[in-house]
Amino acid sequence: MSFLRSCDTFVVLPPYTKNNEVIFGKNSDRPQNEVQEVIFVKERDLKPKLKCTYITIDESTDPINSVILSKPAWMWGAEMGANNKNVVIGNEAVWTNNNEGEGDATQKRLLGMDFVRLGLERGNSAREALNVITTLLEKYGQGGPCSEFDDSHFYHNSFLIADPKEAWVLETSGKLWAAERIASGFRNISNGLTIRTKIDKHSDRLFEKAETLGVWDGKGQFDFTNCFSSGGDEMRQNEGARLLKEASASFCFDVKDMFNVLRHKESCICRSCDDTFPTQGSQVSSLSNNTLSVHWFTATPDPSVSYFKPFIFTPNAQVSSFTESPNEPKREHHLYKLHAQHMQRANNENITKVLHEMEDGCLSEIDEFISHYNAQQCPLDDLDCLMKNCVETEVKLYG
């Protein structure tokens, strides 16, 4: 398998967060020049079969959730996203020693990104989304090239799934999997297996199959990482954990803190536009059952020079067509093109400063709105075009 150093996903839970929210964040590092679009899917015509990136599977028999997705424009699935049931998911590439037969990731099956979208569309809680992904994994398997133009990029997957009550880390090796529940504190995943002996759910006959594969001798405590890992990026994993620990030490971790984590360059968590594997898109979400959940997306590469734009699920929510990719070879959506031009200008630091000031203004306004929010009395009509308006303001600034 081709080892790529990419992606980090984070979650911070009470009691470490400012308002007892769950704060989720992810950087999506992808191949150079691969465009990542942000789309909103409210509903679709449900037919008996569903065409994912490579294969066709059985469609859901229940109505699907509305989802907002940050996704490579060429594929059906998504790197990360959220649904209208307060669930968020991000995935990571991992490499394991289970690469034959059902574990052969070179075969076109479901991509890890397909599982992200399916989990969001079909899962009404983090636990339900976990069950959706693992059921489909065991039925269809995972695999296929994860780059449109380089068929050497393939891997197994790990996932961080969260809702306002809990988070789950799900790690896989072929059709085998283990999951760890996170009820408080913080957790991060990068590009390696991390689940050791704390396994709260797992695939059927996992221990027996591990013995059959020769990765466990059946003695002592079962360690999923020791059994199945064939390497990972421990440096970024450790740096991510350090950043979360430092930022949450005051027990008031918030959205802005997660922005800062995703913008951290020295750890390689944030990768520049000129990197061979840049950060092509970023998401931060604050999840709450008591008030509004807010999801922030850049829709542009390198969060350190990008503007996190807020989205809230409302009955008539919209996103801008400027973040949706056209059906053309380069697939560059309008915001992506303007951002690329901005990065080539001599005064790009000045525009970035203005973007971050706009971002701070959005944070303040949303905090003010939420502090007075009452679900019984506050209409959400004014928030329908929240992200759309922010995108269009950014477009005008570039112009």
Side-chain angles (χ1 to χ4, degrees), residues 1 3-11 24-31 34 36-38 52-54 67-72 74-83 87-96 105 109-123 126 128-137 140-147 153-163 167-180 182 187-195 228-229 232-233 236-237 240 262 269 277 279-285 295 297:
M1 289 187 180
F3 278 55
L4 304 175
R5 297 293 177 250
S6 59
C7 293
D8 297 90
T9 311
F10 307 87
V11 69
F24 168 93
K26 175 174 164 63
N27 274 351
S28 171
D29 300 341
R30 298 287 305 173
E34 182 189 76
Q36 193 151 143
E37 62 179 347
V38 173
C52 299
T53 301
Y54 291 127
V67 296
I68 183 167
L69 306 170
S70 185
K71 58 185 286 295
W74 66 272
M75 69 172 61
W76 182 83
E79 276 279 319
M80 52 198 170
N83 70 20
V87 180
V88 293
I89 308 177
N91 90 303
E92 304 286 331
V94 296
W95 291 271
T96 80
R109 299 181 174 117
L110 287 173
L111 288 180
M113 288 68 77
D114 294 333
F115 288 118
V116 170
R117 182 167 179 173
L118 290 162
L120 291 170
E121 289 189 345
R122 301 181 182 189
E128 278 192 23
L130 170 73
N131 292 338
V132 166
I133 293 172
T134 55
T135 298
L136 292 170
L137 174 68
Y140 297 104
Q142 61 178 320
C146 297
S147 170
H153 294 179
F154 47 86
Y155 41 77
H156 294 148
N157 292 270
S158 66
F159 305 85
L160 205 163
I161 310 166
D163 65 22
W168 288 84
V169 172
L170 167 63
E171 298 185 344
T172 71
S173 178
K175 287 188 174 182
L176 304 179
W177 58 272
E180 176 185 352
I182 315 298
R187 187 72 153 81
N188 66 301
I189 56 175
S190 290
N191 292 117
L193 298 180
T194 62
I195 294 177
F228 291 104
S229 176
D233 195 329
R236 256 189 18 261
Q237 177 73 34
L262 298 188
I269 286 169
F277 223 70
T279 301
Q280 296 284 23
S282 303
Q283 174 186 344
V284 171
S285 295
H295 311 282
F297 293 88

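Heads up: numbering here begins at 1 and tracks the sequence.
Minimum heavy-atom separation, Gly240 to Phe10: CA-CE2, 3.7 Å. Between Val116 and Ala78, the shortest heavy-atom distance links the atoms CB-O, 3.3 Å. The two residues Cys7 and Asp29 have their closest heavy-atom pair at N-OD2, 3.0 Å. A pairwise comparison of heavy atoms in Arg117 and Gly77 identifies CB-CA, 4.3 Å as the closest pair. The nearest pair of heavy atoms linking Trp95 to Phe154 is NE1-O, 3.7 Å. In terms of heavy-atom proximity, Tyr155 sits nearest to Gln142 at O-OE1, 4.4 Å.
How far CG of Leu137 is from CG of Leu170: 7.5 Å, rounded to the nearest 0.5 Å. Interatomic distance, CG of Leu111 versus CD of Glu79, reported as 10.0 Å (0.5 Å rounding). Rounding to the nearest 0.5 Å gives a distance of 11.5 Å between CG of Leu160 and CG of Asp8. With values rounded to the nearest 0.5 angstrom, Ile189 atom CD1 is found 3.5 Å from Ser158 atom OG. Note that OG1 of Thr135 is 8.5 Å distant from CG of Leu130, once rounded to the nearest 0.5 Å. Atoms CH2 and CG, from Trp168 and Asp163 in turn, are 10.5 Å apart once rounded to the nearest 0.5 Å.
A donor-acceptor pair under 3.5 Å links the side-chain atoms of Thr53 to the main chain of Trp76, judged by distance alone. Side chain of Gln280 to backbone of Pro31: a donor-acceptor contact under 3.5 angstrom is found.
Within the 4.5 Å cutoff, the side chain of Val88 has no heavy atoms near those of the Lys26 side chain. The shortest distance between side-chain heavy atoms of Ile68 and Phe297 falls below 4.5 Å. Inter-residue side-chain proximity for Pro145 and His153 is flagged as unmet; no heavy-atom pair is nearer than 4.5 Å. Taking the side chain as every heavy atom from C-beta outward, Asn83 and Glu121 never approach each other to under 4.5 Å.
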Q: In sequence, state the C-alpha distance, the side-chain angles, and the governing distance for Ser147 and Glu34, and then conclude on side-chain hydrogen bond (donor to acceptor under 3.5 Å, both in side chains).
A: CA-CA 9 Å; Ser147 170; Glu34 182 189 76; 5.2 Å; no

Q: For Leu176 and Thr96, run side chain to side chain contact (heavy atoms under 4.5 Å, CB included): C-alpha distance rounded to whole Å, both residues' side-chain angles, the deciding distance at 0.1 Å, then the answer.
A: CA-CA 11 Å; Leu176 304 179; Thr96 80; over 6 Å; no

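When only modelled atom types and interatomic distance are considered, Gln36 and Ser70 share a side-chain donor-acceptor pair under 3.5 Å.
A salt bridge is absent between Glu128 and Arg122; no separation between the charged side-chain nitrogens and carboxylate oxygens falls under 4.0 Å.
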